Each structure stands twice: as C-alpha cells, then as structure tokens.
Amino acid sequence: MAHMHTLIEDLVAANRILANENVVDAFGHVSVRHPEDAGRYLMSRAKSPELVEADDIMEFTLEGAPIDSSVRKPYLERFIHGALYEARPDIQSVVHNHSRSVIPFGISGEKLQPVMHSCATIGHEVPVWDAQDTFGDTDLLVSDMSMGRDLAGTLGSGTCALMRGHGCTVAGRSIREAVYTAVYLEINAELQWKASRFGKLKFLSPGEIEKINSRLGQGKSGEGYDRSWEYWSHRVGIASMRR
Ligand SMILES: [Zn+2]
C-alpha cells in the first residue's frame, strides 16, 4: 500500500501544480489509473483542484461509477478519464482543463502545433473534438461514456485533444508526463498566438518532435519530467523527491 500512498500524494500535488501553473482554475481535473487494477482510476471528488487533499481522492470504475458508497459528489465530466483509460492501455494519467490560451485554437480552424522544444510532447498537430459533430446541440460537457468514447476516438494515439468551445484533454504514461504536457500545451498555445502576429510560423518538424520526446522519456520515469516536477512542486510548497 506504500505505492498507493505515494501515488495519492502525487495526485494531490498534480492538482495543486496544475492550478498554480494556470492550467486549471475552479474547474478542471486530473486522474491516475489504479496501480493494481487497470479497470479503475483515482480522482478527487468534485472540488477546485487547488483545494484538493488526500482525503478527497475517490476510486472509480472506467464507466465512472464510484467504488465506495459515500455520498461525495464526483466530477460530472469524469467520463473523459474512464473512456481514455479504456481506449488506451498505455495511458496512466489524464488531465482535463479549460485553460484560456487553448480555446482560440478549438474554435478558429487554426491548427495548434509545437513552436518550442519543451512543447514537443503535444505532438505534431493537436486534433479538435467537436461535440456537435456527433451529438448535436449539447451543453458541451462530457456527461456520459458515449461522449467520452467519441472524444477518445479523436485523441487517437496522441497525447492531446482540443475540445471546441470548451477546453482540452491530455493523456500521459505517468502523472508527471501528463502534467508536463498539460502545462506546455497551454504555454505553446500562448506562444503560437503571440508569434502568429509576425506572419508565417516555422513549427517543429515531426523528426524533431520524435528526437525530443525520446530524450525526454529516458530514465525510469523520464528525467525531463522529474526535473520540471521538482520545480513545479517547489513552487506550491511541496517537497518532491526524484524517483
Ligand atoms: Zn470541461
């Protein structure tokens, strides 16, 4: 159970970090797959991420049913998480957020692509999921598994998907990787928007993206991810050990 304790500590830290780095605000959430049961995941009860404590963490089936019988209210959009874990056995952590800079790319037809080496994990071109394509007029929130599975189809084998008029979803092979990609997705969107004033942009090539990502992922959990995790943890007052 020591591993579970550490994982919950990291999940709480991830909530605080994502809030501090302006990825989530009052809304948005992060989850991790259960370490001993691939058919379950862990996520906070419905609460602003900056305020999440270890006691808030709940366990869910991939269909989004809470395992415990408490009356704690889960996030409405938890189906995003279960549907991605169902579609992608390689994924261990999911972030969903509505950060400001990604929104313009989901509504304009302007493609979001990596502009800087630190942003290579977002992939060559971030796909856009539009709930209206399949479900017509909705409140845009992913409120059941059919919407979650549709979104997972758009994300495909990548790490990110934008959601038209809503936000984005990011997947990673670890909490640290998912947090890293979520932070740099927001940074990339801001930089791309600023640079676009100068005219035509030169994005990272697919070959550059591949080389950067293979270096980042080296080591036990990815040295590059550990270094940023240490830094972001320090900024929220959490002492972090490299693992
Ligand atoms: Zn949302």
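Side chains are part of it too, since the values below use all heavy atoms of this structure and drop only hydrogens, waters and symmetry mates. What you are looking at is a predicted structure, and each value in this text was computed from that prediction instead of being measured.
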Self-check item: Spatial distance of atom CZ (Phe60) from atom CZ (Arg40) [nearest 0.5 Å]
Solution: 12.0 Å
Quiz item: Is a side-chain donor or acceptor of Arg78 paired with a backbone partner of Gly64 at a separation under 3.5 angstrom?
Solution: yes
Quiz item: Can you name the closest pair of heavy atoms from Met58 and Pro66 and give their distance?
Solution: CE-CB, 3.9 Å
Self-check item: Sub-4.5 Å side-chain heavy-atom contact between Met163 and His96
Solution: yes
Self-check item: Residues that Ala54 engages under side-chain contact (heavy atoms from CB on, under 4.5 Å), provided they are two or more places apart
Solution: Ile8, Val12
Quiz item: Is the shortest heavy-atom distance from the side chain of Val94 to the side chain of Val170 under 4.5 Å?
Solution: no
Quiz item: Can you tell me how far the CE atom of Met147 sits from the OG1 atom of Thr134, to the nearest 0.5 Å?
Solution: 9.0 Å
Quiz item: Can you get from Leu76 to Phe135 by hopping between Ile, Leu, Val, Met, Phe, Trp and Tyr side chains that sit under 4.5 Å apart?
Solution: no
Self-check item: Arg173 and Asp90 ion-paired at < 4.0 Å
Solution: no
Quiz item: Are Ile80 and Leu141 grouped together when hydrophobic residues (ILVMFWY) are joined by side-chain heavy atoms under 4.5 angstrom apart?
Solution: no
Self-check item: OG on Ser118 to CD1 on Ile187, rounded to 0.5 Å
Solution: 7.5 Å
Practice problem: Please name all residues satisfying salt bridge (charged side-chain N to carboxylate O under 4.0 Å, His left out) with Glu110, sequence neighbours left out, ordered by chain then number. | Solution: none
Self-check item: Check: His34 and Met4 side chains under 4.5 Å, non-hydrogen atoms
Solution: yes
Quiz item: Under 3.5 Å, is there a donor-acceptor pair linking the side chains of Glu186 and Ser99?
Solution: yes
Quiz item: With hydrophobic residues grouped by side-chain heavy-atom distances under 4.5 Å, do Phe105 and Leu191 end up in a single group?
Solution: yes
Exercise. Please examine the side chains of Val30 and Pro49, heavy atoms only from C-beta on, and report whether any two atoms are closer than 4.5 Å.
Key: no
Exercise. Give a yes or no on whether a salt bridge exists between Glu53 and Arg16, defined as a side-chain N under 4.0 angstrom from a carboxylate O.
Key: yes
Exercise. To the nearest 0.5 angstrom, please state how far the CE atom of Met116 sits from the CZ atom of Phe203.
Key: 13.5 Å
Quiz prompt | Arg33 and Asp37 ion-paired at < 4.0 Å | solution = no
Practice problem: Report, as yes or no, whether the 6.0 Å neighbourhood of atom CD on Glu210 holds more than 12 heavy atoms from other residues, nucleotides or ligands. | Solution: no
Exercise. Give the minimum heavy-atom separation between Gly106 and Leu162, together with the two atoms involved.
Key: N-CD1, 4.0 Å
Quiz item: Does a sphere of radius 6.0 Å around CZ in Phe27 hold more than 12 heavy atoms from other residues, nucleotides or ligands, not counting ones at 6.0 Å or beyond?
Solution: no
Self-check item: Leu84 and Arg88: CA distance, side-chain angles, deciding distance, side-chain contact (heavy atoms from CB on, under 4.5 Å) verdict
Solution: CA-CA 6 Å; Leu84 259 66; Arg88 291 278 301 278; 5.7 Å; no
Exercise. Report yes or no: do Leu140 and Val126 belong to one cluster of Ile/Leu/Val/Met/Phe/Trp/Tyr joined by side chain heavy-atom distances under 4.5 Å?
Key: no
Self-check item: Of all pairs that satisfy salt bridge (Lys or Arg N to Asp or Glu O under 4.0 Å), the ones with a partner from residues 137-164, not counting sequence neighbours
Solution: Glu63-Arg149, Glu86-Arg149, Asp130-Arg164
Quiz item: Around atom CD of Gln113, are there more than 12 heavy atoms of other residues, nucleotides or ligands at under 6.0 Å?
Solution: yes
Quiz item: Distance from Cys168 atom SG to Leu112 atom CG, nearest 0.5 Å?
Solution: 9.0 Å
Quiz item: For Asp25, what residues pass the salt bridge (charged side-chain N to carboxylate O under 4.0 Å, His left out) criterion, not counting sequence neighbours?
Solution: Arg100
Quiz item: Just wondering, do Trp229 and Ile175 contact through their side chains at under 4.5 Å, heavy atoms?
Solution: yes
Exercise. Give the minimum heavy-atom separation between Leu151 and Ala161, together with the two atoms involved.
Key: CD1-CB, 4.1 Å
Quiz item: Below 4.5 Å, heavy atoms only, C-beta onward: do Cys160 and Thr169 meet side chain to side chain?
Solution: no
Quiz item: Does Ile67 share a hydrophobic cluster with Ile57, counting links as ILVMFWY side-chain heavy atoms below 4.5 Å and allowing steps through other members?
Solution: no
Quiz item: Any donor and acceptor pair, going by atom type alone, linking the side chain of Ser48 with main-chain N or O of Ala26 inside 3.5 Å?
Solution: yes
Quiz item: Hey, does Leu204 have a side-chain heavy atom less than 4.5 Å from the side chain of Val115?
Solution: no
Practice problem: Would you name the heavy atoms of Ile209 and Pro114 that are closest together and state the gap between them? | Solution: CD1-CG, 3.6 Å
Quiz item: Does anything in residues 70-93 pair up under ring-ring contact (aromatic ring centres under 6.0 Å, His included), and if so which pairs, sequence neighbours excluded?
Solution: His29-Tyr75, His29-His81, Tyr41-Tyr85
Quiz item: Going through the distances and angles, do Asp10 and Val32 end up as a side-chain contact (heavy atoms from CB on, under 4.5 Å)?
Solution: CA-CA 9 Å; Asp10 277 1; Val32 65; over 6 Å; no
Exercise. Return yes if a side-chain donor-acceptor contact under 3.5 Å exists between Tyr180 and Arg176, otherwise no.
Key: no
Quiz item: Any idea which heavy atoms bring Ala189 and Ser101 closest together, and the distance?
Solution: CB-O, 3.3 Å
Exercise. Ignoring hydrogens and angles, tell me if any N or O in the side chain of Thr181 forms a donor-acceptor pair with the backbone of Ile122 under 3.5 Å.
Key: no
Practice problem: Look only at the side chain of Ser93 and the backbone of Ser31, and say whether a donor-acceptor pair between them is shorter than 3.5 Å. | Solution: yes
Quiz item: Do any N or O atoms from the side chain of Asn15 and from the backbone of Leu11 form a donor-acceptor pair under 3.5 angstrom?
Solution: yes
Practice problem: Establish, from distance only, whether the side-chain atoms of Ser174 and Gln92 form a donor-acceptor pair under 3.5 Å. | Solution: no
Quiz item: Which atom names give the shortest non-hydrogen contact between His166 and Val142, and what distance separates them?
Solution: CE1-N, 4.5 Å
Quiz item: Is there a donor-acceptor contact under 3.5 Å from the side chain of Ser228 to the main chain of Tyr225?
Solution: yes
Quiz item: Does the side chain of His5 reach to within under 4.5 Å of the side chain of Glu9, using non-hydrogen atoms?
Solution: yes
Self-check item: Euclidean distance, Glu177 CD relative to Ile91 CD1, rounded to 0.5 Å
Solution: 9.5 Å
Quiz item: Where the side chain of Lys211 meets the backbone of Arg215, is there a donor-acceptor pair that is under 3.5 Å apart?
Solution: no
Self-check item: Listed once per pair and sorted, the ring-ring contact (aromatic ring centres under 6.0 Å, His included) pairs that draw on residues 142-165, sequence neighbours left out
Solution: none
